[in-house]
There are 2 protein chains.
Amino acid sequence: MAREKRIDMVILGLLSHEERSGYDIKKQIDGAISFFWKGSFGNIYPALKDLESGGLIERNASNSGPREKHTYRITEAGAEALKQWLRNEQSVNELRYETLLKLFFSGCDDRKTALKNIAAFRKKVEADLAILKGYAANLEKVREESADHTYYYLTALFGIKSYEAYLEWCETAEKTIKS
Amino acid sequence: MAREKRIDMVILGLLSHEERSGYDIKKQIDGAISFFWKGSFGNIYPALKDLESGGLIERNASNSGPREKHTYRITEAGAEALKQWLRNEQSVNELRYETLLKLFFSGCDDRKTALKNIAAFRKKVEADLAILKGYAANLEKVREESADHTYYYLTALFGIKSYEAYLEWCETAEKTIKS
DNA sequence: GAGGACATATATCATATTGATATATCACCT
DNA sequence: AGGTGATATATCAATATGATATATGTCCTC
């Protein structure tokens, strides 16, 4: 069997707080979640249909607005499935870093190429780190309000710590390659 | 268009050093490369055929041994394609961390679940860190021999620095959740 | 030397994901 | 009236994953 559909769990997790449409879900994933998990319309919409036919979510009556938009709510079975997944300690954690792949094969070209790739990586990391820091600062203010905010904060902190380590590594890597 | 086939570049990079079979390539990816890029038979074998028909690699005459095994060598066109890719500064770098996804939604269950997931994550990171450290120690010894080894070492160092940051984060996360 | 376990070697398939594109409405500004 | 960009859903080709199928070679043990 191929890997389980994690997008199902992302959807259930997001719906556990509030009713949402597919479009809303995509926007949310693109925000806070995207740095550790991705989602696309191409898997969100089919997943919504599957979850509905499996009884894990229910579709609300078309909203009153003029535009076609259907929101979904989580069912009890859905909440149970979400909990089961949370309680399963086995998790897939993987990196897909093309920058490291290029560095690994950098012996095939001169060192300037390697340095350029590291410089581009550093630039991206610096930009993303600034975003994460702003996000975490906002979350820290509201951490007392609910446990959820604490968890959101901790995922952001993970990114901050990682990215800071990446920047330190860039220093070392640049020095090593130049020497 | 869907994302470019990076497996092609992994194969070209590996073949740029030595002739190999699909099986050899898989083994190599599973070793040093797997912590930042994955490959499977399901995409390696089709990619070998595509690369061959595109003239980027050539298949050697079946080897003398009794078992079916064909090795491939890189062509000049293949080496050029590899360089072009190396010189393209745009790279896809992404995380897929189910542990963070679970943590993000941990408000749906009690804090014990969150702590268990972090503990499992920590255990895995500690094990992988030990492997990476052993790998890096071996590479440091032979770093003078060729530029390649320096690059291999730097990718391992990236893993070590990241994983050490992860472990620090685990400490903070556990304390925060318990308090 | 028969049998089992495991590594070697290639191939294929169902499922999952990505990234792009298509289509259409709505909100806002000029 | 026209343009831009956000909202909203849907679908598709290309790609990747993980499992399975098939078969041979090697090594150890009983």
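Below, read A as the first sequence line, B as the second, and so on, with proteins coming before strands; counting in each chain starts at 1.
Here the P atom of nucleotide D:dC12 and the CG atom of A:N43 are 16 Å apart, to the nearest Å. C:dT17 atom P lies 19 Å from atom CZ of B:R6, rounded to whole Å. As a whole-Å value, the separation of B:D30 CG from C:dT8 P is 11 Å. As rounded to whole Å, 8 Å separates atom C1' of C:dA7 from atom NZ of B:K27. In this structure, CD of B:Q28 is placed 18 Å from P of C:dA7, rounded to the nearest angstrom. Between the NZ atom of A:K5 and the C1' atom of D:dA16 there is a distance of 16 Å, rounded to whole Å. Computed from coordinates, the B:F36 CZ to D:dA16 P distance equals 16 Å when rounded to whole Å. Rounded to an integer number of Å, the gap from B:M9 CE to D:dA16 P is 11 Å.
With a 6.0 Å radius and a threshold of 12 heavy atoms from other residues, nucleotides or ligands, A:K26 has its NZ atom above the threshold. More than 12 heavy-atom neighbours from other residues, nucleotides or ligands sit within 6.0 angstrom of NZ on B:K38.
In the region residues 14-26 of chain A, proximity to DNA chain D at under 4.0 angstrom, judged on heavy atoms, holds for A:S21, A:G22, A:Y23, A:D24. Contacts of residues 45-59 of chain B with DNA chain D (heavy atom under 4.0 Å): none.
Ring geometry for A:F41 against A:Y23 counts as parallel: the plane angle stays under 30°, on a 0 to 90° scale with 60° as the upper cut.
Between A:E164 and A:K133, at least one side-chain N (NZ, or NE/NH1/NH2) sits under 4.0 Å from a carboxylate O, which counts as a salt bridge. Ion pair A:E18/A:R20 flagged as a salt bridge, since at least one NZ, NE, NH1 or NH2 atom sits closer than 4.0 Å to an Asp/Glu carboxylate oxygen. Here B:E126 does not pair with B:K123 in a salt bridge; the nearest charged N to carboxylate O distance is not below 4.0 Å.
Side-chain N or O atoms of B:D30 include none that pairs as donor or acceptor with a backbone N or O of B:K27 at under 3.5 Å.
Checked against salt bridge (charged side-chain N to carboxylate O under 4.0 Å, His left out), A:E58 has the following partners two or more places apart in sequence or in another chain: A:R73.
Side chain of B:K69, nearest nucleotide from C:dA9, D:dA8, C:dG19: C:dA9. Comparing D:dT7, C:dG19, D:dA16 against the side chain of B:I7 picks out D:dA16 as the nearest.
Residue B:K38 places none of its side-chain N or O atoms closer than 4.0 Å to OP1 or OP2 of D:dA16. Look at A:R96 and you'll find a side-chain N or O under 4.0 angstrom from OP1 or OP2 of D:dT17.
For the pair A:F41 and A:D8, both in contact range of DNA chain C, the more 5′-proximal nearest nucleotide belongs to A:D8.
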Q) Between B:E52 and B:K49, is a salt bridge (Lys or Arg N to Asp or Glu O under 4.0 Å) present by the stated rule, with each step listed? A) CA-CA 5 Å; B:E52 193 190 3; B:K49 282 183 185 167; over 6 Å; no
